[in-house]
Structures are given as structure tokens and as C-alpha cells.
Amino acid sequence: MAIGVFALLVAVPLAVLAFVALGHPKGRSAVRASTVPTNSATGENTRSPSSSSSASVSPSVSRSVTPKPSTSPTKTGPTRPAVLVLDNTSTTALTDTAVSRLKSAGWTATNGGAFQGDILSTAVYYDPNVTGAQQAAIALQAQFPAIKRVKQKFSGLPQGALVLVLTSDYS
């Protein structure tokens, strides 16, 4: 009888283990206890050389972590395309003021002169064919609340990823 109980105690856990293993045919259901802890930012071993472990790591098993590039916008990176500033008012000095403000904040800006057209309020227009232009236009508006609207470019605007058209509401 003791042998039957022993066999049952061994068979049940083995059956459960087999069931779990069959449910995960690629064998990736758990992290191996023998992996060496690493710093996720650098990929370096965080275990001190003097510490020991009962499990060993095969020399052929290596794990490297490649740092991801920063996704935060930079002042000169592709997330900040040049801004062409146009004046839709009769005050040409307004355009120079806006260009100076943009440059002081780290944007590349150029005075594009006067613009003739019916623009409701100061707006930054983005080219939808330029990657990141819409996000840059939103960031520009967030940084400069005098920009009332962010809109997709229309055909009457000059070339450029971002075109800022100033109206009389710009201050």
C-alpha cells in the first residue's frame, strides 16, 4: 500500500508538469532560474562577482540589451523641422518678432514675407507628407499659445514642413 501512495504522489505532479509543458510547446512559459540578473538599461551583470548561485549558466547562453534611442524631441532633430513664418497682417515687424521668438526657443525659423489670403487666426500648417510634421506643429502650438490652430497645409502655401501664418491676433 505504501508503494501505491508513493507512486500516486509522484505520478500526480508529473502529470501536471506534462500537462503544462504540452500547453506551451515552445517552452517559453517561465523565466529560467539560472539566468544572470542584468541591468535593463545597460545589459550589464548586476550580480556581484563574490555572490554565488546553486544554478549555473551555460557559457553559450548570453543576453545583451541594446539601448533604445531616445524618442524625446531635440532642438535640432527631425522632430523639429524648420518653420517658415508668413505675415498675413500689414505689420512686417511682427514676422521678425515671431522668427526671433522661435529661434530663442530652439526652432529653426525663417521669415517668408507676406501672405495674401483669408486666414481666420494665427495657425501653423503642417505638410502631411513629412514624417513627424504634425507632431512638431502640435509641439510648436503647445510652446507658443499665440498660435491658435494647427491645420494641414493647403495648396496656396509655400513648400516646407511647417508654415506659420501670423494674423492680427498674434501677440
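For this chain, numbers begin at 1 and follow the sequence in order.
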Out of curiosity, [X] [atom1] to [Y] [atom2], how far, rounded to the nearest 0.5 Å?
{"X": "Asp96", "Y": "Arg101", "atom1": "CG", "atom2": "CZ", "answer": "12.0 Å"}
{"X": "Thr97", "Y": "Leu102", "atom1": "OG1", "atom2": "CG", "answer": "11.0 Å"}
{"X": "Leu162", "Y": "Gln141", "atom1": "CG", "atom2": "CD", "answer": "12.0 Å"}

request  = Identify whether Val83 and Ile147 are in the same connected component of the hydrophobic contact network (ILVMFWY, side-chain heavy atoms under 4.5 Å).
outcome  = yes

Check whether any side-chain heavy atom of [X] lies under 4.5 Å from a side-chain heavy atom of [Y], and answer yes or no.
{"X": "Lys148", "Y": "Tyr170", "answer": "no"}
{"X": "Val150", "Y": "Leu140", "answer": "no"}
{"X": "Tyr126", "Y": "Ile138", "answer": "no"}
{"X": "Leu86", "Y": "Ile119", "answer": "no"}

Looking only at heavy atoms, which two atoms of [X] and [Y] are closest? And how far apart?
{"X": "Gln143", "Y": "Ala105", "result": "NE2-CB, 3.1 Å"}
{"X": "Asp127", "Y": "Ala133", "result": "O-CB, 3.4 Å"}
{"X": "Ala139", "Y": "Trp107", "result": "C-CZ2, 4.3 Å"}
{"X": "Ala146", "Y": "Ser171", "result": "CB-O, 3.8 Å"}
{"X": "Ala161", "Y": "Val130", "result": "CB-CG1, 3.8 Å"}

key: Thr167 side chain to Asn88 side chain, donor-acceptor N/O pair below 3.5 angstrom   =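 No, because no side-chain N or O of Thr167 sits under 3.5 Å from a partner of the opposite role on Asn88.
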
message = Donor-acceptor check, side chain of Lys153 to backbone of Pro158, threshold 3.5 angstrom: yes or no?
response =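 Checked: pair present.
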
note = Which of Val85, Thr122, Val99, Leu166 passes side chain to side chain contact (heavy atoms under 4.5 Å, CB included) with Leu94? Answer is Leu166

